[in-house]
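As structure tokens, the structure follows; a few thoughts come after it.
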Number of protein chains: 2
Amino acid sequence: MTKRSADPANGSAPAARQVPMRDFSRSLPMSLLRAREAVMRQFRPSLREHGLTEQQWRILRALAAIEAAEVTELARTAFLLGPSLSRILRDLEARNLIERRTAKADQRRSMVSISKEGVKLMASVAPTSEAIYAEITRRFGARKLAELQEMLGELEQSLAGLGSADETIAEG
Amino acid sequence: MTKRSADPANGSAPAARQVPMRDFSRSLPMSLLRAREAVMRQFRPSLREHGLTEQQWRILRALAAIEAAEVTELARTAFLLGPSLSRILRDLEARNLIERRTAKADQRRSMVSISKEGVKLMASVAPTSEAIYAEITRRFGARKLAELQEMLGELEQSLAGLGSADETIAEG
DNA sequence: GGGAGATGCTTAACATGTTAAGTGAATGCG
DNA sequence: CGCATTCACTTAACATGTTAAGCATCTCCC
């Protein structure tokens with residue numbers, strides 16, 4: 001019955017060993033990783049009960065909102081890389097949760113849409129999902145949640161156009 | 001020579017279709033995911049040049065700071081699951097970047113430590129890594145960065161002890 | 001002191017992340 | 001028209017995330 005949650009922030013640090021570099025557990029990537037994990041830990045069990053992974057759920061949600069989309073557009077929306085999406089779509093199609101047909105104008109493109117079964121599955125998951133989201137909002141505070149999302153967006157903006165070295169054009 | 005980076009934030013959204021549920025791209029998990037990806041995108045190329053993945057780098061950093069640690073302790077510090085860590089340690093050991101020896105008192109435990117080679121590798125990566133971190137801090141703002149980390153920590157705290165259903169005891 | 005259960009770690013199995021290469025279709029340009 | 005290039009997507013290969021088993025070892029309690 002011991003609790004299994006991570007909890008790396010107990011006060012039992014072993015004396016003041018001269019810190020070699022910025023305490024690595026307080027780095028930005030780690031903070032983001034832990035925060036996201038804390039959030040996703042809430043959702044995963046429910047999704048799992050319905051036989052969905054987090055990414056599959058993302059795809060269904062995205063599709064439910066836009067009716068039909070090309071694969072590339074869907075990748076951008078669901079924030080998945082092409083190869084991952086390709087595999088997941090293959091599986092979702094095998095489970096009849098989505099449908100796809102190649103575009104007439106351009107044989108390379110394929111249009112993906114959610115199926116009736118997919119909609120039904122979504123309907124069965126959404127209530128729990130929304131309840132969890134509501135509970136998170138209640139615990140953390142709606143105001144603070146909005147602030148956090150605002151800052152996350154700004155962080156993204158700050159880093160946009162860094163690290164590619166070929167988008168130094170057309171910045172106005 | 002075409003740019004291959006994801007870049008999901010171009011302004012070509014297809015008109016204002018009536019939003020069915022909270023715009024899924026603005027959900028908390030997505031915000032966290034995108035923010036983290038934006039950050040990690042900066043570090044990955046440098047790590048890759050040195051033949052390290054993000055997780056391997058996390059482990060080396062953690063080890064460099066604490067001399068030696070048991071596997072479980074290391075998993076907690078580097079925020080990795082046991083199986084992942086087990087695999088990575090096997091590889092790092094094969095590359096002579098870490099060393100391990102079983103504890104005398106308890107044959108189950110094994111103590112892991114960074115090797116001389118590991119230290120050397122870290123020394124060759126750290127400068128670039130620090131420079132990138134500094135640039136991120138400069139772009140986003142040191143004050144805001146601290147605020148963000150504070151909020152992320154609070155979010156973690158808010159959700160601690162939710163979703164396990166067996167830690168409802170000893171809450172005081 | 002011996003066996004049931006807990007513990008520390010590893011292996012297995014499946015799904016995704018990440019990068020590179022492959023494939024078929026569309027385009028541009030001579 | 002022909003052909004190199006680009007484009008949309010898929011496959012491949014390797015590394016990690018996630019959950020469940022497996023395997024020693026250790027602990028506790030009788």
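No hydrogens, no waters, no symmetry mates; every other heavy atom, side chains included, goes into these values. Here is the naming used below: chain letters follow the sequence lines, and residue numbers restart at 1 for every chain.
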Which of the following nucleotides, dT16(C), dG17(D), dA20(C), is nearest to the side chain of Thr53(A)?
dT16(C)

Closest non-hydrogen contact found for Ser25(A) with Met30(A) is O-CB, 4.0 Å

Integer-rounded Å distance: dT10(C) P and Gln107(B) CD
14 Å

For Glu73(B), which contact category applies under a 4.0 Å heavy-atom criterion: base, sugar-phosphate, or nothing?
nothing

Can you say whether a donor on the side chain of Arg108(A) sits under 3.5 Å from an acceptor on the base of dC9(D), or the other way round?
no

How long is the line joining CZ of Phe79(B) and P of dG17(D), in whole Å?
10 Å

For Arg44(A) and dT18(D), is the shortest distance between a side-chain N/O and OP1 or OP2 below 4.0 Å?
yes

Let me know the distance between CG of Leu81(B) and P of dT16(C), rounded to the nearest Å.
16 Å

dG17(D) C1' sits how many Å from Ile88(B) CD1, rounded?
10 Å

Locate the shortest heavy-atom distance separating Ala69(B) from Ile66(B); write the atom from each residue and the value.
CB-CD1, 3.5 Å

Without decimals, in angstroms, what is the distance between Leu47(B) CG and dT16(D) C1'?
15 Å

Round to the nearest Å and state the distance from Ile59(A) atom CD1 to dA15(C) atom C1'.
12 Å

Of Arg100(A) and Leu80(B), the one whose closest DNA chain D nucleotide lies more 5':
Arg100(A)

Reckon Ser86(B) touches a base, only the sugar-phosphate, or nothing at all at heavy-atom distances under 4.0 Å?
base

Could you tell me how far apart Lys104(B) (NZ) and dC26(D) (P) are, to the nearest whole angstrom?
14 Å

Please classify the nucleic acid contact of Leu85(A) as base, sugar-phosphate, or nothing, using heavy-atom distances under 4.0 Å.
nothing

Measuring to OP1 and OP2 of dC7(D), would you say a side-chain N or O of Thr72(A) lies under 4.0 angstrom away?
no

For dT16(D), does either OP1 or OP2 sit under 4.0 Å from a side-chain N or O belonging to Gln56(B)?
yes

Does dT18(D) have OP1 or OP2 under 4.0 Å away from a side-chain N or O of Ser84(B)?
no

Contact summary for Leu60(A) and Leu97(A), nearest pair of heavy atoms:
CD2-O, 4.3 Å

Does Ile98(A) belong to the same Ile/Leu/Val/Met/Phe/Trp/Tyr cluster as Val119(A), with side-chain heavy atoms less than 4.5 Å apart forming each link?
yes

Short side-chain N/O contact to dG17(D) OP1/OP2 from Gln55(A), under 4.0 Å
no

Nearest to the side chain of Pro83(A) - dG17(C), dC9(D), dA12(D)?
dA12(D)

dist Leu92(B):CG -> Glu99(B):CD (nearest 0.5 Å) comes out at 12.0 Å

Round to the nearest Å and state the distance from Glu49(B) atom CD to dT18(C) atom C1'.
17 Å

State whether Arg87(A) places a side-chain N or O below 4.0 Å from either non-bridging phosphate oxygen (OP1 or OP2) of dT10(D).
no

Taking only N and O in the side chain of Arg109(B), is any of them less than 4.0 Å away from OP1 or OP2 of dG8(C)?
yes

Evaluate whether atom NZ of Lys144(A) has more than 12 neighbouring non-hydrogen atoms of other residues, nucleotides or ligands under 6.0 angstrom away.
yes

